[in-house]
Participant: 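Got a structure for you, questions after.
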Amino acid sequence: DPVTEHKTATPKQHTKTKAILLMDGFCPYHGQYIAKAAHHIYGAAVIHVLSDFCTRYLYQVEEQTEHLSSRMPDLSNGDEVAAWTSLLPSSLDICGLYCESDSGLEDAENLGVVLGLYPRCHDGVNVARRDKFAMNDVVSKAGLDVVKQKSCQTLEEAEEFAKEMGLNDDASEATSGDVVNVPLVVVKPHRGVASDDVHLCTNMKSLRDAFTKIHSSPVFGSSTAAKHQSVLVQEFARGTEYAIDVVCRDGEKKVAALWKYDKRPLNDAPFVYFATKLIPAANNDDEGSNKDVEEAVCNYVFNALDALDIRWGLSHVEVIVTRNTETGSIQVRLVEVNCRQHNTDFMPLTNACVGYNALDMVLAAYLGQSDESSHEYPEETAHLRLAWESLPALPTTRAHGAIIHFVSHVSGKISRINYEVFDQMEELPSVMDMHVYPHFLDEENEIEKTVDIRSDTGWAHVMN
């Protein structure tokens with residue numbers, strides 16, 4: 001049954017039970033947490049629905065069928081939509097739609113409009129929230145700084161723009177240390193997730209290889225087998241990268257967490273993650289804080305969300321900050337806005353360091369108290385519900401926290417595993433949790449050097 005209803009005594013006449021639509025809620029520390037907390041803490045109903053992309057993937061690739069009852073209706077078929085909505089109890093007051101997956105975002109936008117949630121508790125449809133070229137274009141027209149970019153339908157267009165950016169025609173490969181000295185461009189799909197098919201190009205040969213790989217490749221998340229007819233080429237922005245988790249409630253924005261990336265050149269790769277540090281968004285007299293930078297980052301992100309008409313839900317936004325060494329001025333430029341959370345179990349760390357987390361903020365935004373609601377909240381879980389009005393727009397931190405990324409400096413076959421070292425690491429007072437990926441725990445397995453986030457060997461969450 002796709003609907004999990006709150007089980008209480010028979011509701012009073014005219015009482016409406018709050019409900020949230022949850023699309024592609026697979027992850028135990030993400031979508032499944034949202035579902036369980038909405039039901040247990042808020043007494044809300046949860047309507048589980050699968051995007052078309054995930055439905056097709058599970059059926060065609062995984063050969064599963066038990067999920068089909070949760071698939072979304074064909075939104076172009078009015079009769080099918082009517083039949084689907086008729087199955088929803090009339091006692092439900094749908095207060096929001098939350099999508100866990102990146103591949104389901106377009107479906108979530110369209111479904112919310114068809115169900116009449118926009119603009120009451122939904123942001124409607126906006127392709128610029130998913131297309132990286134359109135995203136930067138909209139943000140630029142709102143008066144915010146962005147990188148120079150061009151959507152290129154042909155290789156010749158890409159080469160011409162890259163030359164304008166100063167890309168070298170030399171066929172020799174630049175080393176990882178050259179990223180601070182030589183002109184570079186970034187080549188990526190208009191639509192993508194994580195760092196899939198994102199290429200940092202050091203010369204024309206690498207540009208041509210990247211363009212050829214992306215052009216005519218399948219568009220991520222497309223259920224219509226769409227292919228990329230153009231490729232995005234962007235100026236490479238040098239600086240420090242920040243990520244900001246923001247929750248919106250009817251246009252009111254509150255930062256859930258502010259992260260600073262520690263990336264360094266290693267293993268002939270330009271950017272290897274060493275740590276993702278949790279830092280205060282508001283000044284808390286921390287010697288390591290840069291109040292002007294953090295304030296500039298948050299202001300920029302709030303304005304970018306306004307430009308993209310994002311008024312509801314959770315966004316994970318990445319920006320690059322460059323400080324002029326002579327004038328001290330700060331320039332913030334957009335990397336991308338993601339209308340969903342990043343894929344890591346950040347809750348224990350942010351709960352400890354900030355005092356709450358983004359997912360509980362999402363529940364407070366959608367399901368929190370409102371004067372016009374007749375919803376009956378469970379009294380026994382009142383202490384677990386966040387009061388949206390009491391949350392600051394910019395949180396401070398009460399402890400130092402970070403996600404440490406385990407990096408492999410070598411390649412070859414694993415001959416022996418020193419489990420004593422793992423035990424010693426786990427026993428450190430600052431280590432809250434750690435995980436080494438299974439591939440690196442089997443002797444005789446071949447391993448490679450870490451060159452990006454996908455080739456890490458594991459992680460640790462630390463706090464001091």
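Each residue takes its place number in the sequence, starting with 1.
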Participant: Cation over ring, K254 on W388, under 6.0 Å and within 45°?
Facilitator: yes

Participant: Would you call R129-E109 a salt bridge at under 4.0 Å N-O?
Facilitator: yes

Participant: Salt-bridged, R340 to E100, with N to O below 4.0 Å?
Facilitator: no

Participant: Once you measure the plane-to-plane angle for H409 and F274, does it fall in the parallel (<30°), tilted (30-60°) or perpendicular (>60°) bin?
Facilitator: perpendicular

Participant: So, are R416 and E443 salt-bridged, with charged N and O less than 4.0 Å apart?
Facilitator: no

Participant: Looking only at side chains, do S206 and N203 share a donor and an acceptor under 3.5 Å apart?
Facilitator: yes

Participant: Please verify the inter-ring angle class for H342 with F346; under 30° counts as parallel, over 60° as perpendicular, anything in between as tilted.
Facilitator: parallel

Participant: Sort out for me which residue in E164, E157, K163 forms a side chain to side chain contact (heavy atoms under 4.5 Å, CB included) with F161.
Facilitator: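 The passing option is E164.
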
Participant: Between F271 and F236, does the ring centroid distance fall short of 6.0 Å?
Facilitator: yes

Participant: I'd like to check V186 versus K188 (side-chain heavy atoms, cut-off strictly below 4.5 Å). Are they in contact?
Facilitator: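 In contact.
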
Participant: Quick one: side chain to side chain donor-acceptor pair (under 3.5 Å) pairs with a partner in residues 295-304, sequence neighbours left out?
Facilitator: none

Participant: Quick test of your reading of the model: are D268 and K449 salt-bridged, counting only N-O distances below 4.0 Å?
Facilitator: no

Participant: Could K260 and D262 be called an ion pair, given the rule that one side-chain N must be under 4.0 Å from one carboxylate O?
Facilitator: no

Participant: What residues, two or more places apart in sequence or in another chain, satisfy side-chain contact (heavy atoms from CB on, under 4.5 Å) together with H383?
Facilitator: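 side-chain contact (heavy atoms from CB on, under 4.5 Å) list for H383, sorted by chain: empty.
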
Participant: Indicate the ring-plane relationship of Y261 and Y273, choosing parallel, tilted or perpendicular according to the 30° and 60° boundaries.
Facilitator: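 Geometry flag for Y273 against Y261: perpendicular rings.
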
Participant: With distance as the sole criterion, is a donor-acceptor pair present between the side chains of S101 and D24 under 3.5 Å?
Facilitator: yes

Participant: Which atom pairs, one a donor and one an acceptor, fall under 3.5 Å between side chains of residues 429-438 and the rest of the protein, sequence neighbours left out?
Facilitator:
none

Participant: For residues H190 and S151, is any side-chain donor paired with an opposing acceptor at under 3.5 Å?
Facilitator: yes

Participant: Could you grab the distance from atom CG of L117 to atom CG of D123, nearest 0.5 Å is fine?
Facilitator: 11.0 Å

Participant: Less than 4.0 angstrom from a charged side-chain N to a carboxylate O is my criterion; do R120 and D93 meet it?
Facilitator: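 A salt bridge links R120 with D93.
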
Participant: For the pair H30 and Y98, evaluate ring pair (Phe, Tyr, Trp, His ring centres under 6.0 Å) and give the outcome as yes or no after the intermediate values.
Facilitator: CA-CA 11 Å; H30 193 176; Y98 184 85; 5.6 Å; yes

Participant: Within this structure, what is the CG-CD1 distance for the pair D442 and I417, rounded to the nearest 0.5 Å?
Facilitator: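 Here the rounded value is 6.5 Å.
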
Participant: Does this structure show an ion pair linking K213 with D197, if we count only N-O contacts that are shorter than 4.0 Å?
Facilitator: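 Yes, this pair counts.
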
Participant: Using a distance-only test with no angle check, is there a side-chain donor-acceptor pair under 3.5 angstrom linking N357 and Y33?
Facilitator: no

